[in-house]
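Worksheet: one structure, shown below.
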Amino acid sequence: MTGRHEFKHNINYADILQLRSRLPLIMEMDEHSTSKAGYVVRSLYFDNYADKALFEKINGVDNREKFRLRLYNGNFSLILLEKKSKLNGLCYKNSAPISAEVCEDVIKGDYSSLNQPDQPLLVEFYAKLKYQQLRPRTIVEYTREAYIMKAGKVRVTLDHHIRTSNQPAFFLSSSYTGFSLPDACILEVKYDQFLPEVVRSITALSSRPTTSFSKYAVSRIFQE
């Protein structure tokens, strides 16, 4: 599993419009995009009772991890369990598909169906649910526009219209709405090998410094 460089910038909707007009000139829309409007991402984040993942993010701990369940465009037939890690400044992601039935069991507190010896990520998640007392904490949903470039394995995403809820049971609900996070728009730039200068130039917006913005952390703080 290769580590990726990842940079985030807190931007506004005017920046979204500017980037939306420029990025298609040099990059392609990613495979999840159903239209030029992008696609909808919904994630359910897990944390323990001491909010370990939240405080590690806030405190800038370099070696950290978090688990989430994720689906796209309200499609419950493809749900991913994802583990995101940060180690020595690089980001790593490991994922495995799970069924809606297993997902629903986990949300209700039944973890037995995760204990599948041929699925290492599911077994790790099962163990940490039991022994680290991880629990579903927050839903985060947003609209994402994503662009890719093969050179450098670059991926640029524009996230906006972020909505959150502290009711995990709504993760598999087709009527989920959530509370909007005002003025929250995020530019993310990710790459494996190198960042082409043309991408660096377009995404280097004036007065938009790199930030440690976390949709999970901001959603948790907003809910307090």
Side-chain angles (χ1 to χ4, degrees), residues 4-45 54 57-58 66 68-76 78-80 82 84 91 93 95 137-149 154-168 170-171 173-191 195 198-224:
R4 305 198 77 191
H5 301 273
E6 180 177 307
F7 300 101
K8 298 182 182 181
H9 305 270
N10 195 355
I11 61 177
N12 59 36
Y13 201 71
D15 297 323
I16 294 277
L17 296 176
Q18 177 180 331
L19 290 164
R20 185 185 288 162
S21 67
R22 295 179 177 180
L23 287 170
L25 301 177
I26 61 168
M27 304 181 76
E28 300 176 357
M29 296 289 286
D30 106 322
E31 61 184 18
H32 291 294
S33 299
T34 55
S35 70
K36 291 184 178 180
Y39 54 95
V40 177
V41 181
R42 184 184 301 177
S43 299
L44 175 60
Y45 288 89
L54 174 62
K57 176 62 180 179
I58 291 174
K66 63 175 176 279
R68 68 191 180 201
L69 298 173
R70 172 164 286 190
L71 58 88
Y72 299 94
N73 293 321
N75 180 8
F76 303 139
L78 177 59
I79 301 172
L80 296 176
E82 296 185 340
K84 285 207 69 178
C91 297
K93 185 170 72 172
S95 63
R137 301 302 298 268
T138 297
I139 300 173
V140 180
E141 183 177 272
Y142 51 91
T143 300
R144 165 165 284 182
E145 300 171 40
Y147 303 85
I148 59 173
M149 177 182 284
V154 181
R155 180 175 164 87
V156 175
T157 58
L158 311 176
D159 298 339
H160 50 90
H161 293 98
I162 302 172
R163 304 166 293 280
T164 183
S165 170
N166 61 1
Q167 301 296 318
F170 286 104
F171 181 66
S173 171
S174 57
S175 59
Y176 171 82
T177 53
F179 296 96
S180 295
L181 298 183
D183 304 320
C185 299
I186 301 299
L187 161 66
E188 294 186 11
V189 181
K190 305 175 185 178
Y191 62 95
L195 184 61
V198 63
V199 179
R200 188 189 303 274
S201 176
I202 285 180
T203 58
L205 300 172
S206 60
S207 71
R208 303 293 185 221
T210 302
T211 179
S212 60
F213 188 100
S214 162
K215 290 183 280 291
Y216 168 62
V218 170
S219 295
R220 288 291 308 281
I221 294 169
F222 177 79
Q223 293 163 10
E224 295 297 328

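If you're wondering where the values come from, they're calculated on a predicted model, not measured in any experiment.
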Would you check if the side chain of S180 reaches a backbone N or O of P182 as a donor-acceptor pair within less than 3.5 Å? no
L181 and S219 have their tightest heavy-atom pair at CD1-OG, 3.8 Å
Are any of the side-chain heavy atoms of R70 and V41 separated by less than 4.5 Å? yes
I'd like to know if the side chain of R163 and the backbone of H161 have a donor-acceptor N/O pair within less than 3.5 Å. yes
side-chain contact (heavy atoms from CB on, under 4.5 Å) assessment of V156 paired with M27: CA-CA 9 Å; V156 175; M27 304 181 76; 3.9 Å; yes
Can you say whether the rings of Y191 and H5 are parallel (under 30°), tilted (30 to 60°) or perpendicular (over 60°)? parallel
Intermediate values then yes/no, side-chain contact (heavy atoms from CB on, under 4.5 Å), R42 and F76: CA-CA 11 Å; R42 184 184 301 177; F76 303 139; 4.1 Å; yes
Please test I139 against T164 for side-chain contact (heavy atoms from CB on, under 4.5 Å), starting from the C-alpha separation and ending with a verdict. CA-CA 5 Å; I139 300 173; T164 183; 5.8 Å; no
Please report the interatomic distance CG(L44) to OG(S165), rounded to the nearest 0.5 Å. 9.5 Å
May I ask you to check whether over 12 heavy atoms, not counting those of Y176, lie within 6.0 Å of atom OH? yes
Drop me the distance from K8's NZ to S214's OG, to the nearest 0.5 angstrom. 5.5 Å
Do the two ring centres, one from Y13 and one from H160, sit under 6.0 Å apart? yes
What residues form a salt bridge (Lys or Arg N to Asp or Glu O under 4.0 Å) with K66, not counting sequence neighbours? none
Should R68 and S43 be marked as a side-chain hydrogen bond (donor to acceptor under 3.5 Å, both in side chains) after you check the CA-CA gap, both sets of side-chain angles, and the distance that decides it? CA-CA 6 Å; R68 68 191 180 201; S43 299; 4.5 Å; no
Side chains of E145 and I16, heavy atoms from C-beta outward: is any pair under 4.5 Å? yes
If we ignore hydrogens and angles and just use 3.5 Å, is the side chain of S21 paired with the main-chain N or O of Q18 as donor and acceptor? yes
CD of E28 to CG of L23, rounded to nearest 0.5 Å, is 13.0 Å
T157 and A146 have their tightest heavy-atom pair at CG2-CB, 3.8 Å
Would you check if D15 and L187 make a side-chain contact, meaning some heavy-atom pair closer than 4.5 Å? no
Using 0.5 Å steps for rounding, measure from the CZ atom of R144 to the OH atom of Y72. 7.5 Å
Is there a side-chain contact (heavy atoms from CB on, under 4.5 Å) between M149 and V198? Walk through the geometry before answering. CA-CA 11 Å; M149 177 182 284; V198 63; 4.3 Å; yes
State, to 0.1 Å, how close S95 and E82 come at their nearest heavy-atom pair, and which atoms those are. CB-CG, 3.8 Å
Would you indicate whether the side-chain heavy atoms of D159 and T143 approach each other to under 4.5 Å? no
Do I11 and I186 have side-chain heavy atoms sitting under 4.5 Å apart? no
Heavy-atom closest pair, residues N166 and P168: O-CD, 3.2 Å
One should read off an interatomic distance between I162 CD1 and F222 CZ, to the nearest 0.5 angstrom, of 11.0 Å
Would you call K215 and E188 a salt bridge, using N to O less than 4.0 angstrom? yes
Is there a side-chain contact between K84 and E6 in this structure, where contact means two heavy atoms from C-beta onward sitting under 4.5 Å apart? yes
All heavy atoms of L69 vs all of F171, minimum pair found to be O-CZ, 3.6 Å
How far does OH of Y147 sit from CD1 of I202, to the nearest 0.5 angstrom? 11.0 Å
Side chain N73, main chain V40, donor-acceptor under 3.5 Å: yes
With sequence neighbours excluded, what pairs up with Y216 under the ring-ring contact (aromatic ring centres under 6.0 Å, His included) test? Y45
